Amino acid sequence: MDELADAYAYPADRDVWLRANMVSTLDGAAQHDGRSQPISSAADMRVFGTLRGLADVVVVGAETVRQEGYRPARAREAFAARRAADGQAPAPAVAVVSAGLDLDFSSPLFTEPSVPTLLVTGAGAPADRVAAARAAGAEIVIAGDGAAVDPARAVRALAERGLRRLLTEGGPRLLGQFVAARVLDELCLTVSPMLTAGDAQRIAGGPALTVPERFALRSLLEEDGFLFARYHQGRHSAE
C-alpha cells in the first residue's frame, strides 16, 4: 500500500490540487446500468482506496451520490500515520455539489460521517433544503451567486477551509464542469478491458470545449488487463 500511495502522492509544491478518478470501458462507457462498479475490479478499488486515503476531501455530484449510494469516507489504518504526519483528519471529508440539495439527509452520508459532510451549493439554493441540511449536521459551502455552483469558486472555497488536496469521483456532469472551467489538474483514469456498447455516459459530460485541453501522461500501471493512467494538465506537464 505504501508503494502505491507514494506513486499517487499529491505534488508537494502545489497549494491546491484537483485530481479526478474515473473508470472507462474500452468503448468509452463510464457506467453500466447507471453505476461504475460493474466495470471496476479489485485492483481498481485498491487505487480508489489509495486516492481517498491521500485526499483532504472527496468531491462528488449529487446524482452520483444518489446512484452509487454514497457513504462517508472511512479512516483506514494503512493511511493513519501518513495522514497524521501531513496534518490531515483521519478520513477525508465528502463534499457533495448540488444546486437543489435533493438528497436524503437520513442516509449514512449525513448520519454517520467521521467528519461533517459538506454541501457545496449556490447562494440561491432552496432555503428549506439548506435548513434541512444544516439540521442533519451538514456544513454548507456557498460557491455561486445563483442556485448553480461555479466550479472554480468551489475549488477555492474548499481550499480556504484547508481542504487543498481535492479528489473528485464525478460523475460525468461534475467532471465536465471542472474541465470546462479549466481547474482540473490531474486525471487518474482506469481503462477497463470491457466492452458494453449502449449509450452510457462518457467520463465527462456537458458542453464541448472550444479548444481541447491537452493533458500529459505521467505514469501507467497495469494489472489483470486494467490500465491505470495518470495525466497532468498541460500547464504542469513540463514540471
Side-chain angles (χ1 to χ4, degrees), residues 16-22 30-31 33-36 52 55-73 92-113 115-185 187 199-210 213:
V16 183
W17 190 265
L18 174 60
R19 159 186 284 168
N21 182 36
M22 301 293 284
Q31 303 164 340
D33 287 337
R35 300 175 63 242
S36 60
R52 281 195 165 200
D56 293 328
V57 61
V58 177
V59 187
V60 63
E63 183 63 19
T64 297
V65 167
R66 290 188 288 265
Q67 290 187 350
E68 302 276 357
Y70 257 61
R71 301 180 65 87
V94 175
V96 183
V97 178
S98 176
L101 303 182
D102 181 17
L103 296 156
D104 179 6
F105 297 130
S106 67
S107 71
L109 183 60
F110 298 97
T111 61
E112 301 176 6
V115 293
T117 294
L118 307 174
L119 289 177
V120 184
T121 191
D128 61 328
R129 298 305 295 165
V130 171
R134 286 181 169 142
E139 296 185 6
I140 303 297
V141 178
I142 300 299
D145 295 328
V149 172
D150 179 290
R153 281 183 63 176
V155 172
R156 291 197 302 270
L158 291 170
E160 288 167 1
R161 287 173 166 257
L163 305 173
R164 297 182 171 87
R165 285 163 284 199
L166 295 90
L167 169 66
T168 181
E169 296 171 349
R173 181 181 176 188
L174 179 61
L175 180 55
Q177 291 171 349
F178 283 134
V179 170
R182 299 186 184 275
V183 293
L184 185 69
D185 297 300
L187 173 63
D199 56 0
Q201 289 180 298
R202 295 157 49 192
I203 65 167
L209 296 178
T210 303
E213 189 166 16

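Positions are given from 1 along the sequence. Quick caveat: nothing in here was measured; it's all calculated off a predicted structure.
- Residues Leu184 and Leu175 come closest through the heavy atom pair CD2-CD1, 3.9 Å.
- More than 12 heavy atoms of other residues, nucleotides or ligands lie within 6.0 Å of CZ in Arg66, so this atom counts as buried by the packing criterion.
- Note that CZ of Arg19 is 11.0 Å distant from CG of Leu166, once rounded to the nearest 0.5 Å.
- Put simply, the side chain of Arg165 does not reach to within 4.5 Å of the side chain of Pro92, judged on heavy atoms.
- Summarising the geometry of Arg71 relative to Glu112, their closest heavy-atom pair is NH2-OE1, 3.2 Å, with the distance given to 0.1 Å.
- Between Val16 and Asp185, the closest heavy-atom pair is O-OD2, 4.0 Å.
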field: Working for side-chain contact (heavy atoms from CB on, under 4.5 Å), residues Phe105 and Thr117
entry: CA-CA 10 Å; Phe105 297 130; Thr117 294; over 6 Å; no
Which pairs would a plain distance check flag for residues 130-148, meaning a side-chain donor or acceptor within less than 3.5 Å of a matching protein atom at least two apart in sequence or in another chain?
from   : atom 1 : to     : atom 2 : distance (Å)
Glu139 : OE1    : Arg161 : NH1    : 2.7
Asp145 : OD1    : Arg153 : NH1    : 2.9

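- Asp104 pairs by the side-chain contact (heavy atoms from CB on, under 4.5 Å) definition with Ser106, Ser107, not counting sequence neighbours.
- In this view, Val115 and Ala89, Ala93 satisfy the side-chain contact (heavy atoms from CB on, under 4.5 Å) rule, not counting sequence neighbours.
- Between Met22 atom CE and Thr168 atom OG1 the span is 7.5 Å, to the nearest 0.5 Å.
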Donor-acceptor contacts, no H, no angles, side chain residues 200-210, under 3.5 Å, sequence neighbours left out:
none

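- Closest non-hydrogen pair, Ala62 versus Leu103, comes out as CB-CD2, 4.0 Å.
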Using residues 94-101 as the side-chain source, report each donor-acceptor pair under 3.5 Å to any protein atom, sequence neighbours left out, with the distance given to one decimal.
from  : atom 1 : to     : atom 2 : distance (Å)
Ser98 : OG     : Leu101 : N      : 2.8

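- The CH2 atom of Trp17 sits 14.5 Å away from the CG atom of Asp56 when rounded to the nearest 0.5 Å.
- Under the rule for a side-chain contact (heavy atoms from CB on, under 4.5 Å), the partners of Glu68 that lie at least two apart in sequence or sit in another chain are Arg35, Ser36, Thr64, Tyr70.
- Taking all atoms of both residues into account, the shortest heavy-atom contact from Ala181 to Ala152 is CB-N, 4.5 Å.
- Between Asn21 and the choices Leu167, Leu187, Val58, the side-chain contact (heavy atoms from CB on, under 4.5 Å) rule is met once, by Leu167.
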message: If you apply the rule side-chain contact (heavy atoms from CB on, under 4.5 Å), what do you find for Leu158 with Val59, and how did you get there?
response: CA-CA 10 Å; Leu158 291 170; Val59 187; 3.8 Å; yes
